[in-house]
Structures are given as structure tokens and as C-alpha cells.
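Reviewing the structure listed below.
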Amino acid sequence: LEDDEIETSDIQIFYKEEPECPNLSQNPSPTSPVSDVRLDDSLVPRNYQLELALPAKEGKNTIICAPTGCGKTFVSLLICEHHLKKFPQGQKGKVVFFAIQLPVYEQQKSVFSKYFEKLGYKVAGVSGATSEIVSVEEIVENNDIIILTPQILVNSLRKGTVPSLSVFTLMIFDECHNTGKHHPYNMIMFNYLDQKLGGSSDPLPQVIGLTASVGTGDAKNTTEAMEYICKLCASLDTSVIATVKDNLEELEEIVYKPQKFFRKVKLRTTDRFKCIISQLMRETESLAKKIFDELENVFQIQNRNFGTQKYEQWILSVQKTCILFQLPDKEEESRICKALYLYTSHLRKYNDALIINEHARMKDALDYLKDFFANVRAAGFDEIEQNLTWRFEEKLRELESVSMDPGNENPKLQDLSFILQEEYHLNPESRTILFVKTRALVDALKKWIEENSELSFLKPGILTGRGKTNQNTGMTLPAQKCALDAFRTDGDNKILIATSVADEGIDIAQCNLVILYEYVGNVIRMIQTRGRGRARGSKCFLLTSNADVIEKEKINIYKEKMMNDSILRLQTWNEAVFKEKVLQIQIQEKLIRDSQGKVERVPDKENKKLLCRKCKGFACYTADIRVVEDCHYTVVGDDFRKCYVSKLHPKPKSFGYFEKTAKIFCSRENCSHDWGIHVKYKTFEIPVIKIESFVVEDIATGAQKLYAKWRDFLLEKIPFDAAEMSK
Ligand SMILES: [Zn+2]
């Protein structure tokens with residue numbers, strides 16, 4: 001299940017006008033990549049856009065804080081143009097624009113190119129995808145405006161290929177509220193601040209930040225919120241926070257806040273499905289306990305309920321403990337670890353099914369389990385799996401009949417159905433986006449709508465995040481684009497069911513109804529709607545059976561107010577006083593940074609064992625691991641080749657120098673744990689492994705550790721050497 005992080009929720013619906021003076025030589029295309037900007041020559045800035053741009057045009061380091069959809073990109077174009085034109089003959093400015101997400105990067109690159117190439121400026125960009133084949137140094141040298149993903153500049157500063165930030169005259173940070181902790185934005189600003197506070201005489205670039213919300217961190221009152229905002233200003237060396245004040249009415253015409261509705265819905269009064277599955281879970285738990293007496297205390301944690309996210313977290317931590325379980329007899333250890341792995345995996349699936357049952361139909365939850373058991377049967381299917389499958393099948397008939405019983409319908413779905421029917425009755429042209437918590441729920445609700453005769457006219461589409469979750473890989477960027485295009489252009493496709501994608505920089509155009517279905521957390525930023533009439537009627541429903549969810553949403557609304565009040569108060573400060581406050585914070589933070597910086601991360605040169613995370617079988621020694629292109633890990637030697645089997649990849653894919661050809665799995669009987677992939681790299685066929693599939697064991701002490709990411713594992717990095725391979 002996906003992370004359930006709770007942040008400020010920021011739901012805003014805004015509309016896009018058709019251009020006021022359409023350029024007749026170009027048809028405005030509603031399907032073109034969405035952007036804040038219409039690039040007609042006739043483009044006229046709105047008054048509030050000029051207001052926002054003013055302090056930056058005066059050369060001040062500024063955070064521009066204005067709602068999504070008000071055209072901040074256009075404001076940054078105005079600032080950029082003014083900046084480049086102000087240089088006298090013989091001198092030149094150089095602008096760098098940072099975008100965190102790839103879709104935003106692509107969009108900004110094309111917007112800046114179109115706008116500035118007509119004016120005779122050179123625009124280029126480097127992202128993670130192109131950084132291997134181009135020289136960042138040359139791109140920076142030869143262009144006036146450079147669009148970057150921030151990590152590229154962090155790397156270049158570290159390697160010295162870009163010697164100093166003084167090569168730039170203006171830096172623009174999109175989504176600048178991310179400048180904190182170890183985010184690449186902050187790494188860039190550390191470099192800037194070291195230069196500023198270190199007394200270097202080289203000129204530093206002007207710094208502009210763009211954001212819809214500066215945030216308030218953990219602040220509980222306005223004073224704490226002001227502290228938090230001052231700290232962000234210090235990180236970006238900001239002297240002015242620009243918000244719309246003189247032209248608020250004009251802004252409110254453009255950005256419209258939807259009406260919000262909270263709906264508390266009922267749960268099923270009796271739930272036979274839940275009873276049966278809970279019984280199966282209790283049985284599975286006790287089987288797991290019996291495997292090894294000493295492990296019993298691991299299973300004795302209080303206050304956990306089946307079918308909750310808390311249970312999911314608990315079972316994951318149990319799974320980790322079990323993986324690290326050790327015995328002198330290695331065969332026995334392998335047997336026990338594998339058994340525990342199977343039991344905990346089954347418990348997770350049952351837990352998922354209970355969550356589906358709670359929010360969707362019983363039938364969807366049952367289908368989910370039937371799919372899982374069909375896969376179990378098709379793979380290893382050892383004794384334990386057979387036993388667990390048999391226990392499930394014993395209950396199957398009863399589960400089937402319970403799920404078919406109309407008396408067991410989910411009242412929540414009835415409420416959702418009621419809202420949808422009502423809204424489409426009022427406005428048959430409505431476009432809806434429905435947010436749910438998990439990928440499995442997306443599928444379940446899609447099926448429910450399609451099979452519901454009163455709703456099937458909605459023709460649902462789906463949109464899920466690119467991140468990988470336990471059971472499903474995310475949607476790829478082209479697949480996301482495809483789903484969004486269908487939603488934009490196909491009038492029949494009236495509803496889009498989505499998990500949290502808003503943070504990936506995807507623009508969701510054209511909807512006037514947002515339903516948050518038991519959905520807490522993540523910021524929803526980019527919901528757009530076209531046309532004033534539609535925007536005026538937009539609504540947002542929060543549907544939940546949990547009073548806490550409504551409470552949290554109300555806290556979020558309070559936090560937003562606190563943020564706005566804090567900004568207003570900071571804006572009344574004298575500019576010199578504010579600058580001094582910012583400088584003091586910067587000096588403090590640098591002191592802390594410098595004292596922490598002295599603790600170097602020393603790589604551990606000792607040879608260690610890698611074991612399969614599922615069966616604990618030996619895989620390789622760390623001494624045989626080689627690092628390819630800085631971030632991929634392969635294993636040399638023929639011994640390792642015997643430890644895995646490969647299956648051809650259904651969709652071979654190229655990335656950088658690599659071509660992914662196959663997936664690799666543990667070769668141990670009945671294990672087949674996913675270890676990574678097989679790639680073609682230059683002329684070599686090599687395995688590339690992921691550390692999350694292994695347990696690291698210290699040879700001398702036998703101590704075992706788990707790592708989620710290679711960068712957490714301080715092993716000695718031996719670079720891949722072609723000569724060694726051809727031996
Ligand atoms: Zn294995």
C-alpha cells in the first residue's frame with residue numbers, strides 16, 4: 001500500500017481562458033501539452049502578473065508565492081526577459097531554470113525555447129535522461145538560458161565541470177518550497193551560501209523561487225510558521241516574498257476555489273467476509289508462530305487490527321525481522337526463513353483484500369485473492385503454499401456466496417454512486433477525477449463503475465503514479481500521457497480514477513468535480529478546468545467513514561490560513577530587518593553544516609556475503625561486485641551465474657548505455673525471488689542486481705543487515721573494468 005504521508009492539502013481548481021486575441025495562423029489546440037502560457041505574440045500580462053514580477057525586476061532575491069494556475073511560468077518569462085535585456089552592450093546574462101520533475105522540465109524547455117528563440121537567445125536543457133550523452137559544461141557555456149534538473153548541477157559542481165555558481169546571473173527554482181534538508185535544491189544553495197558567507201568577491205546570481213505554497217512545517221501557531229518561512233527564505237537567500245495584494249480581485253477571477261463538501265459515510269453493519277478472512281489470518285499467524293518458538297515474541301504486538309495500514313506496516317517489520325533470523329544450521333535457517341517469508345506474504349495479501357473489501361465490493365476483494373492464489377499455484381507451490389491454498393479454498397464457496405449476497409453491498413459505494421448520479425443529473429457535461437488510496441482500489445472501483453448499469457456511461461479511465469508499490473509497478477510516463485489525452489479529448493471518458501499523481505507534475509485538465517474517496521494526504525495541486533462557467537460550478541467532495549479524516553482536512557484548511565497570515569505579517573517588516581534576520585539564520589545553519597560535514601562516510605572494505613532475501617541462499621561476495629556508470633551494481637565471475645536464472649523481459653528497454661534484456665531470479669528450488677535484471681552494456685551481457693533483494697552478512701560476526709538502497713550501503717565501490725571482464 002502506498003505511503004500515507006500527511007501534508008497540507010491544497011485543492012484548487014482553475015480555468016484557462018481561450019486566448020483573448022487568438023493568433024489566426026495557429027489553431028489553438030486543446031490537446032497540446034498543457035502549460036500556463038499561451039505563446040501568442042499578442043500575449044499581454046495581467047496586472048497581478050506584473051505585480052508579482054516587480055521585486056524580481058528590481059534585482060531582489062524573491063520568493064513568488066501565488067496559487068497554481070495563475071501563470072507563474074509567464075511571470076518567470078517576464079523576469080527572465082527583463083533580466084537578459086538589462087545588460088549593456090558587451091556584457092551578457094546567463095539564466096538557469098530548475099525543474100524537479102521530468103514532465104515539468106520538458107514543458108518548461110519547450111515554453112522557454114519558443115518564447116526566447118524569437119528574441120535571439122539560445123535555450124538548451126539537460127536532464128537525467130540526457131546527461132550521459134552531452135557535456136553539461138558546453139551547454140552552460142554556449143547558451144543564454146539553461147533548463148536543468150537540479151541533480152545535474154549538483155553533480156557538475158561536485159566534479160568541478162561547472163566551477164562556480166558565478167557563471168550564472170539568475171537562478172530560478174520552480175517548486176522552491178523543496179529547498180530543505182538534503183534536496184538537490186538545498187545542495188545548490190549550500191554552495192551559493194558558502195560562497196556568500198566565505199567572503200568571495202565573485203558576483204553571485206540573483207535567486208528567484210516559485211511556489212504555490214511555502215508550507216509551515218510542524219508549526220502550531222503563527223509565530224512558529226513565521227520562523228519556518230524565515231528559514232526557507234534563508235535557504236534561498238530571499239529578501240522579498242511576493243504575493244498578489246493590489247490585484248486580488250483580478251486574481252480571484254482566474255483562480256477559483258471549489259466548494260468543499262465533507263461527507264461522513266456508514267460502514268457495513270455486519271461483515272461476514274471480514275470474519276472469514278480474519279479467521280484465515282489468525283490461522284496463518286499461528287502457523288507462522290509455530291515455525292520457531294523463539295520467534296513468538298515477534299508476533300506479540302498489541303493494538304493491531306486486521307485490514308488496516310497499521311497492520312501492513314507491522315507485517316512488513318515482522319518480515320524484516322524474519323529475514324534476518326539466524327541459526328548455526330544454515331539449511332534449517334533457510335527452511336525457516338522461507339516459510340516465514342511465505343506466511344508473512346500471505347498475511348499481507350489478506351490484509352490488502354480486507355482494505356479492498358472495506359472500500360469497494362466484496363467481489364473485488366475476493367477476485368484479488370483468487371488472482372493471488374492462481375499465481376502462487378503457477379509458481380513454486382511448495383508444501384506450505386499448498387497448505388495455505390487448501391485452507392483458502394476450503395472457505396472459497398462460502399466467500400463466493402457471501403460476496404454475491406446483495407444484502408452485503410457496501411454503503412460507501414452507494415453514497416459514491418448517489419453523488420455521481422446527482423452531479424451528472426445536474427450537469428451531464430461534468431468531468432470527474434476520483435482519488436483513491438491504493439492501486440488495487442483503482443482497479444476495483446473501475447470494475448465497479450463498469451459493471452454498475454447506472455454508472456457505466458462514465459467510461460472510467462485510470463491514472464496511477466510512476467512509483468512502484470509492493471504488488472504493482474507504476475504507470476510509465478507515456479502511459480500516463482495516453483490516459484490523460486484520452487480524458488481530455490474523448491468526450492465519453494467522463495471520469496478518471498487516480499492514486500496520488502499530483503506530485504509528479506502531471507497536469508490534469510478539464511475537470512470540475514473532484515472526489516476524494518477515503519483519501520488523506522498528499523497535496524493535490526494541479527487540477528484545471530477550462531472555461532469560466534465550469535470553474536464556477538466546481539465542487540470537491542471528501543467521502544469517508546472515518547471522522548479523523550474529516551478532522552485532518554479541517555486542520556489542513558487551518559494550516560493554510562496560518563501560512564497566509566504569517567506571510568502577511570512578514571511582509572510588514574522593514575526590508576533591512578528581514579535581511580539581517582535571514583543572514584543570522586544563514587550563519588547559524590552554516591555552522592551546523594560545517595560541524596556535521598566533518599564526519600566522513602568511510603567505505604567498509606571488508607568482504608561480506610550477499611544472501612537471497614527470501615531463501616537465504618548464498619548469492620555472492622561484495623568483493624565480486626563492480627559498479628557500472630556510478631550507480632548500477634553487477635557481479636563478476638562464473639560462480640554467480642550459477643546462482644540465478646533469467647527470464648526474457650516482455651518489454652526490452654534501453655536506458656542510457658544499457659539495454660534491459662531479461663529479469664533475473666534466485667535459482668534455488670522453490671524460491672525464484674526477483675534479484676534484478678540482465679542488461680546489455682556496451683559489448684557485455686551482465687546481471688544488474690538490486691540490494692533490496694538481498695541480506696548482507698558479515699563473514700566474521702555473522703551479523704546480518706538489510707538495505708533498501710545501494711547508497712545506504714557503504715561498500716567499497718570498485719568500478720567496472722572492461723579489461724577484467726574480457727579475461
Ligand atoms: Zn532464493
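All residue numbers refer to positions in the sequence shown, counting from 1. Order of listing sets the numbers, starting from 1, for every ligand and every atom in it.
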| said: Could you tell me if Lys608 sits above the aromatic ring of Tyr621, with its cationic atom closer than 6.0 Å to the ring centre and no more than 45 degrees from the axis? | reply: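 No cation-pi geometry.
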field: ring-ring contact (aromatic ring centres under 6.0 Å, His included) against Phe306, all qualifying residues, sequence neighbours excluded
entry: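 By the ring-ring contact (aromatic ring centres under 6.0 Å, His included) rule, Phe306 matches Tyr311.
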Exercise for review: Identify whether the distance between the nearest side-chain nitrogen and carboxylate oxygen of Glu697 and Lys705 falls below 4.0 Å.
Suggested key: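 The answer is no: the pair does not qualify as a salt bridge.
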- Message: Strictly below 4.0 Å, N to O, side chains only: are Arg272 and Glu398 in salt-bridge contact?
- Response: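 So Arg272 pairs with Glu398 through a salt bridge.
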List in chain and number order the residues that pass side-chain contact (heavy atoms from CB on, under 4.5 Å) with Ala365, two or more places apart in sequence or in another chain; answer none if no residue qualifies.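 In terms of side-chain contact (heavy atoms from CB on, under 4.5 Å), with neighbours along the sequence ignored, Ala365 is linked to Phe273, Ala353, Ile356, Asn357.
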Practice prompt. Apply side chain to side chain donor-acceptor pair (under 3.5 Å) to Asn670 and list each qualifying residue two or more places apart in sequence or on a separate chain.
Written response: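 Not a single residue meets the side chain to side chain donor-acceptor pair (under 3.5 Å) criterion with Asn670.
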Protein N, O or S atoms less than 2.8 Å from the Zn ion (ligand 1), ignoring waters?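 As for protein N, O or S atoms lying under 2.8 Å from the Zn ion (ligand 1), they are Cys612 SG, Cys615 SG, Cys666 SG, Cys671 SG.
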